[in-house]
Asker: 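Before I ask anything, here is the structure I am working with.
All values derive from a computational prediction rather than experimental measurement.
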Amino acid sequence: MQTGDSRPEPESRTDTTPGDRRTTAPVGTDRPHGPDPDTTAEGAFGRSRPGPEVRRTRVAVSVVFAVHGTASGTFATRIPWLREHLDLSPGWLGLALVFMTAGASAAMPLSARLAHRYGPRRALAWVSLVCCAGLVLPPLAPALGWLCLTLFLYGCGLGLMDVAMNAQGVRVEEAYGRSVMSGLHGLWSVGTLVGGAGGVLAAHAGLDGRVHLASAAPLLGAVAVVAARWTPGTEAAAAPAGPADEEGGTEAPPRFALPSRGALAIGLLGFCAVFAEGASMDWSGIYLADVTGAEPGLAASAYTAFACTMALARLSGDAVVRRFGPVATVRTGGVLAALGAALVVAARTPALAVAGFALIGVGIAVVVPLCFAAAGRTSAAAPGQAIAGVATLAYASGLAAPGIVGWIAQTTTLSVSFGVVTALLLGLVAMATVVRT
């Protein structure tokens, strides 16, 4: 299977680390050796100056993250067009969108097998093409059933690319020897804002959704494939030697496997953060309108405040993690996010509610990046396999959050719903130690 990348994979060397773990890293990288300094002020990361090749791989992976975010933001802005085009009620539209999340969750475990068989670089290039090509399909659906199918396929591409790029991010972080995952996810958030802004302009210009997405998809796909050529081409993260397969290499990851105990604990932490993220993204505007009586334009500012503060916090999050360590960062973020959610519960004016949602965005910003980084360092599975387990739990949370918040609001009030969100955010404080893995 070829992607047109004729550039040879970097020569690799085998190193011995304490504990008899065998690791393979590209020649010329400065991945630190020795015991994991989890107990230092730097958390799980040391200080090393990366070489030019490692810095180049970071830029390349950053571009892939931004492309994934841009695709997500672009599609999100055309959902109203899809609803109008197919004349869907909110309930049927919500059902169709569930298929997108279901597709992502179903495909995620396959990403590790693709990386094992074809190499992480080629696998990332191919799944990026699949993801961007899938962006074209939903606007072409002639009816609800076809929309569900096309959203499932698009979700499969999103999930495959999500796991592949996060696994590459873990490899870059291992090569750097310090936290970089928060910045990568920050660029994903910037991508969603860029894609969303472009989508708003296209919608205001009256551009047909089919034309818009068909124009964006090849451009995004080309950028992702070119960037993927410069991402890590060999395993750089520490992993235990696995049993040999029939070709003499390590055993291929299973098509599906239950998460290990370590990955499950990390996934539960991510579950709490993504639940709060999903609840804030989908219900912040409605909360301002229904609870605080805000006008529609002002109500939309709650999501803007949440998204912007999350992006800014992620972009600066790596420096915070390096200074205070991942555990302290997650605990502090959990406290800030819980205070923000409590402020939302108590708010009866738009200004207080917007401030509360902004605090939630700051508090949960680095949790998911640190969960993926911790999953990539677990010794029980290959990075892609562990990340797939964590991502599947997180996506399940994102799938469940809007419905659970709506059901609680239906039986009680929206304020009570965000009381539940507050309790889950306190779970970040209680479970923060799992990111030390």
Asker: For a 4.5 angstrom cut-off between non-hydrogen side-chain atoms, does V362 reach M310?
Answerer: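 Result no, sub-4.5 Å side-chain heavy-atom pair not found.
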
Asker: To the nearest 0.5 Å, how far apart are CG in L201 and NE2 in H212?
Answerer: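 Those atoms lie 9.0 Å apart.
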
Asker: If we ignore hydrogens and angles and just use 3.5 Å, is the side chain of Q168 paired with the main-chain N or O of P232 as donor and acceptor?
Answerer: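 Indeed, once roles are kept as given, a pair shorter than 3.5 Å links the two residues.
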
Asker: Does some side-chain heavy atom of I408 sit less than 4.5 Å from a side-chain heavy atom of V420?
Answerer: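 A side-chain contact exists here, since the closest heavy-atom pair is under 4.5 Å.
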
Asker: Calculate, to the nearest 0.5 Å, the distance between atoms CG and CG belonging to L147 and L93 respectively.
Answerer: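 One finds 7.5 Å between CG of L147 and CG of L93.
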
Asker: Kindly determine whether V163 and F372 satisfy side-chain contact (heavy atoms from CB on, under 4.5 Å), including the steps that lead there.
Answerer: CA-CA 9 Å; V163 173; F372 285 137; over 6 Å; no

Asker: Pair V330, M431 - check side-chain contact (heavy atoms from CB on, under 4.5 Å), show working.
Answerer: CA-CA 9 Å; V330 170; M431 297 187 292; over 6 Å; no

Asker: Closest heavy-atom contact between A279 and V405?
Answerer: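 Distance-wise, the nearest heavy atoms are CB-CG2, 3.7 Å.
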
Asker: When rounded to the nearest 0.5 angstrom, what distance separates CG in L114 from CG in L160?
Answerer: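 Spacing of CG (L114) from CG (L160) equals 6.5 Å.
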
Asker: Compare every heavy atom of L414 with every heavy atom of I286, then report the nearest pair and how far apart it is.
Answerer: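 That would be CG2-CD1, 4.1 Å.
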
Asker: What is the distance from atom CG of D162 to atom OG1 of T392, rounded to the nearest 0.5 Å?
Answerer: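 That separation rounds to 9.5 Å.
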
Asker: Using 30° and 60° as the class limits, which term best fits the ring planes of W188 and H68: parallel, tilted or perpendicular?
Answerer: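 The rings of W188 and H68 sit tilted, inter-plane angle from 30° to 60°.
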
Asker: Rounded to the nearest 0.5 Å, what separation is found between the CG atom of L219 and the SG atom of C132?
Answerer: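 Here the interatomic distance stands at 9.0 Å.
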
Asker: Under the side-chain contact (heavy atoms from CB on, under 4.5 Å) rule, what do T309 and F357 come out as? Steps first, then yes or no, please.
Answerer: CA-CA 9 Å; T309 55; F357 284 113; over 6 Å; no

Asker: From L144 CG over to L95 CG, what is the distance, rounded to the nearest 0.5 angstrom?
Answerer: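 Taking CG in L144 and CG in L95, the distance rounds to 6.5 Å.
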
Asker: Does A311 offer a backbone N or O that forms a donor-acceptor pair with the side chain of S189 under 3.5 Å?
Answerer: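 Checked: no pair found.
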
Asker: What heavy-atom pair brings L213 and V136 nearest, and what distance separates the two atoms?
Answerer: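 Closest heavy-atom pair between L213 and V136: O-CG2, 4.1 Å.
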
Asker: May I ask you to decide if A107's main-chain N or O and S111's side chain share a donor-acceptor pair within less than 3.5 Å?
Answerer: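 It does not hold such a pair.
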
Asker: Please find the pair of heavy atoms, one from V63 and one from A227, that lie closest to each other, and give the distance.
Answerer: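 For V63 and A227, the tightest heavy-atom pair comes out as CG1-CB, 3.7 Å.
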
Asker: Is the Y154-F99 ring centre distance short of 6.0 angstrom?
Answerer: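 No.
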
Asker: Carefully, step by step, assess H85 and D208 under the rule side chain to side chain donor-acceptor pair (under 3.5 Å).
Answerer: CA-CA 10 Å; H85 180 65; D208 188 283; 5.9 Å; no

Asker: Given side chains that start at C-beta, do those of L158 and S72 come closer than 4.5 Å, heavy atoms only?
Answerer: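 Answer yes - side chains close enough.
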
Asker: Hey, are the side chains of S417 and V421 touching, using non-hydrogen atoms and a 4.5 Å cut-off?
Answerer: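 With C-beta onward as the side chain, the pair stays apart.
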
Asker: Which heavy-atom pair separates T433 from V327 by the least distance, and what is that distance?
Answerer: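 Residues T433 and V327, closest heavy atoms: CA-CG2, 4.0 Å.
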
Asker: Do L124 and M165 have side-chain heavy atoms sitting under 4.5 Å apart?
Answerer: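 In short, these two side chains touch, coming nearer than 4.5 Å.
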
Asker: Any side-chain heavy atom of V172 within less than 4.5 Å of one from T57?
Answerer: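 Answer yes - side chains close enough.
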
Asker: Could you go through the side-chain contact (heavy atoms from CB on, under 4.5 Å) check for L264 and L393 one step at a time?
Answerer: CA-CA 8 Å; L264 180 61; L393 285 172; 3.8 Å; yes

Asker: Let me see the working for R121 and T231 under side chain to side chain donor-acceptor pair (under 3.5 Å), right down to the final yes or no.
Answerer: CA-CA 6 Å; R121 180 188 297 152; T231 60; 4.7 Å; no

Asker: Should T70 and T192 count as side-chain neighbours, where that means a heavy-atom distance under 4.5 Å?
Answerer: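 Side-chain contact under 4.5 Å: no.
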
Asker: Please tell me if the side chains of N166 and M181 come closer than 4.5 Å, counting only heavy atoms from C-beta onward.
Answerer: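 N166 reaches M181 side chain to side chain.
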
Asker: Which heavy-atom pair separates L288 from L298 by the least distance, and what is that distance?
Answerer: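 Residues L288 and L298, closest heavy atoms: CD2-O, 3.7 Å.
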
Asker: Just by distance, do the side chain of R178 and the backbone of E173 share a donor-acceptor pair under 3.5 Å?
Answerer: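 Checking the backbone N and O of E173 against the side chain of R178, no donor-acceptor pair under 3.5 Å is found.
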
Asker: Is R55 atom CZ crowded by more than 12 heavy atoms from other residues, nucleotides or ligands, each under 6.0 Å away?
Answerer: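 Yes, the 6.0 Å shell around CZ holds more than 12 heavy atoms from other groups.
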
